[in-house]
Amino acid sequence: MDDIDKTEYLAPGHRACAGCGATIAVRLALKALGKNTVAVSATGCLEVITTPYPETSWEIPWIHVAFENAPAVASGVEEALKAQGKEDTTVVVFGGDGGTSDIGLQSLSGAMERQQNIIYICYDNEAYMNTGIQRSSSTPFGASTTTTPAGKVSFGEDKPKKNMAMIMAAHGIPYVATACISHPQDLMKKVKKASEIKGPAYIHVLQPCATGWGYPDEKTVKLGKLAVDTHSWILYEIDHGKLNITVKPKEKIPVEEYLKVQKRFKHLKEEEIEIIQMFVDEQSRELGLLDEQE
């Protein structure tokens, strides 16, 4: 994208952890959307780090609401703007994985079913990081969290990660995509496309978290790239029902390379890593990133 907006709509000086992937995701998304945007945020890391009273990092209109109702509030904002004849203003929701796949799922499903003209962006760090690294339904299999700790009587998270993108696609909405902060142009293109499509759009962004995942904070982008290159996180879009892989890694790296650099997976045994590899390969085949023989 040669026409990247040089304006910063998320101001520096916020209180995010060093290497925070959420702020990278929001900064890129707002550059793609531009100034004529209203943002709604569910409670979560993003809200806490950007708006400690009486300060704010937001350079656009921004509304903070509860975990469970951000899409409903965004629906009201969209209807109010429509009544004022301001249908060219983009309404975007930012929610973490807890506020999206768990607490806010009912409200999100309703907004998608109603075909509200809003964009929902989930910034997914795969746990409730702001309140103490508790597991969410977006926590991947095998990960150790404070509520699924690895130890003598606990394996860590024993359930697979909820596939929110496909759940949203099942609503029949015009546009669904996955993205990662390690691939900024892919992310911004998808957000821009979402803004140009009439009707609801859902974008699920993987954003590594140094604090919760346990890696050096300068490695956030590297972790994102490893997620994509190992097929642990596949970048695709579903545009009016048509699925397209948007980033195809040149070489498939074993999933162990992604897991071993994160403290939350340090306890995994070889057979458990093999289970994760099998799951990753199965998902890659389902989406067409791997041939059936691979």
Side-chain angles (χ1 to χ4, degrees), residues 21 97 101 122-127 129 133 135-167 169 176-183 186-187 204-216 219-238 243-294:
D97 50 286
S101 60
C122 174
Y123 61 97
D124 184 3
N125 53 26
E126 300 188 323
M129 300 305 182
I133 317 176
R135 60 86 63 189
S136 75
S137 62
S138 197
T139 299
F141 176 82
S144 179
T145 73
T146 55
T147 49
T148 57
K152 292 182 180 179
V153 296
S154 175
F155 160 75
E157 177 57 49
D158 61 355
K159 300 175 184 65
K161 180 184 179 75
K162 184 183 285 187
N163 195 336
M164 277 300 298
M166 287 301 177
I167 291 172
V176 173
T178 60
C180 185
I181 54 92
S182 59
H183 293 68
D186 179 73
L187 190 158
H204 200 104
V205 183
L206 182 69
Q207 55 104 156
C209 172
T211 304
W213 294 16
Y215 62 84
K219 302 293 187 182
T220 292
V221 172
K222 180 180 179 181
L223 261 293
K225 288 180 178 178
L226 274 172
V228 174
D229 289 343
T230 59
H231 295 192
S232 299
W233 188 251
I234 300 172
L235 300 180
Y236 64 87
E237 62 181 2
I238 303 175
L243 189 146
N244 174 45
I245 302 293
T246 58
V247 175
K248 296 181 180 180
K250 294 180 181 178
E251 179 184 1
K252 183 176 180 292
I253 300 173
V255 73
E256 183 178 8
E257 297 301 308
Y258 175 56
L259 302 176
K260 72 181 183 181
V261 294
Q262 303 176 58
K263 185 178 179 180
R264 62 179 179 158
F265 293 118
K266 286 292 186 182
H267 60 285
L268 293 179
K269 299 183 176 73
E270 184 177 342
E271 57 266 29
E272 294 157 352
I273 293 174
E274 288 178 2
I275 292 172
I276 295 173
Q277 183 69 69
M278 289 173 60
F279 175 77
V280 167
D281 289 346
E282 180 182 355
Q283 188 175 49
S284 297
R285 293 188 192 98
E286 287 178 358
L287 292 173
L289 192 56
L290 282 180
D291 294 331
E292 288 296 328
Q293 292 76 24
E294 293 184 83

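Just so it is clear, the model here is predicted, and its values are computed rather than measured. Numbering starts at 1 and runs along the sequence shown. Atom set for the values below is all heavy atoms of this structure, side chains included, hydrogens, waters and symmetry mates excluded.
Within the 4.5 Å cutoff, the side chain of Glu126 has heavy atoms near those of the Leu206 side chain.
To the nearest 0.5 Å, the span separating CG on Asp124 from OG on Ser101 amounts to 7.0 Å. Separating the OG1 atom in Thr246 from the NE2 atom in His183 is a distance of 8.5 Å, to the nearest 0.5 Å. In this structure, CG on Leu235 lies 5.0 Å from CG on Asp186, to the nearest 0.5 angstrom. Note that CG of Asp158 is 7.5 Å distant from CZ of Phe141, once rounded to the nearest 0.5 Å. In this structure, the separation between OG1 on Thr178 and NE2 on His204 is 9.0 Å, given to the nearest 0.5 Å. Atoms CG and CD, on Asn163 and Gln283 in that order, are 6.0 Å from each other to the nearest 0.5 Å.
When the salt bridge (Lys or Arg N to Asp or Glu O under 4.0 Å) test is applied to Lys248, no partner is found at least two apart in sequence or on another chain. Remark: Ser136 engages Asp97 in a side-chain hydrogen bond (donor to acceptor under 3.5 Å, both in side chains) (not counting sequence neighbours). In this structure, the side-chain hydrogen bond (donor to acceptor under 3.5 Å, both in side chains) partners of Gln262, at least two apart in sequence or on a different chain, are Arg264. Residues that satisfy the side-chain hydrogen bond (donor to acceptor under 3.5 Å, both in side chains) test with Lys219, not counting sequence neighbours, are absent from this structure.
With hydrogens and angles disregarded, no donor-acceptor distance shorter than 3.5 Å links the side chain of Lys161 to the backbone of Thr139. Within the 3.5 Å criterion, the main-chain N or O of Leu289 finds no donor-acceptor partner in the side chain of Ser284. Of the possible polar contacts, none joining the Glu157 side chain to the Pro140 backbone as a donor-acceptor pair under 3.5 Å is found. In this structure a side-chain-to-backbone donor-acceptor pair under 3.5 Å is present from Lys266 to Lys260. Between the side chain of Ser154 and the main chain of Thr148, no donor-acceptor pair closer than 3.5 Å is present.
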| said: side chain to side chain contact (heavy atoms under 4.5 Å, CB included), that's the test. Do Leu290 and Lys252 meet it? Break it down for me. | reply: CA-CA 10 Å; Leu290 282 180; Lys252 183 176 180 292; 3.8 Å; yes

| side chain to side chain contact (heavy atoms under 4.5 Å, CB included) assessment of Leu243 paired with Met166 | CA-CA 11 Å; Leu243 189 146; Met166 287 301 177; 3.9 Å; yes

| Run the side chain to side chain contact (heavy atoms under 4.5 Å, CB included) check on Leu268 and Phe155 step by step: do they pass? | CA-CA 8 Å; Leu268 293 179; Phe155 160 75; 3.9 Å; yes

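Taking all atoms of both residues into account, the shortest heavy-atom contact from Pro208 to Ile181 is CD-CG1, 3.8 Å. Nearest approach of Ala165 to Val176, heavy atoms of both residues: O-CG1, 3.4 Å. The minimum heavy-atom distance linking Arg135 with Thr145 is given by the pair N-OG1, 3.4 Å. Between Cys180 and Val228, the shortest heavy-atom contact is CB-CG2, 4.3 Å. Thr230 approaches Pro254 most closely through the heavy-atom pair CG2-O, 3.4 Å. Taking all atoms of both residues into account, the shortest heavy-atom contact from Gly224 to Ser182 is C-OG, 3.1 Å.
Sorted by first and then second residue, the salt bridge (Lys or Arg N to Asp or Glu O under 4.0 Å) pairs with a member in residues 146-156 form an empty list; sequence neighbours excluded. Applying the side-chain hydrogen bond (donor to acceptor under 3.5 Å, both in side chains) test to pairs two or more places apart or on separate chains, none has a residue in residues 267-276.
Between Trp213 and Tyr258, the two ring planes are perpendicular [angle over 60°; tilted spans 30° to 60°].
A centroid separation of 6.0 Å or more is found between the aromatic rings of Tyr215 and Phe265.
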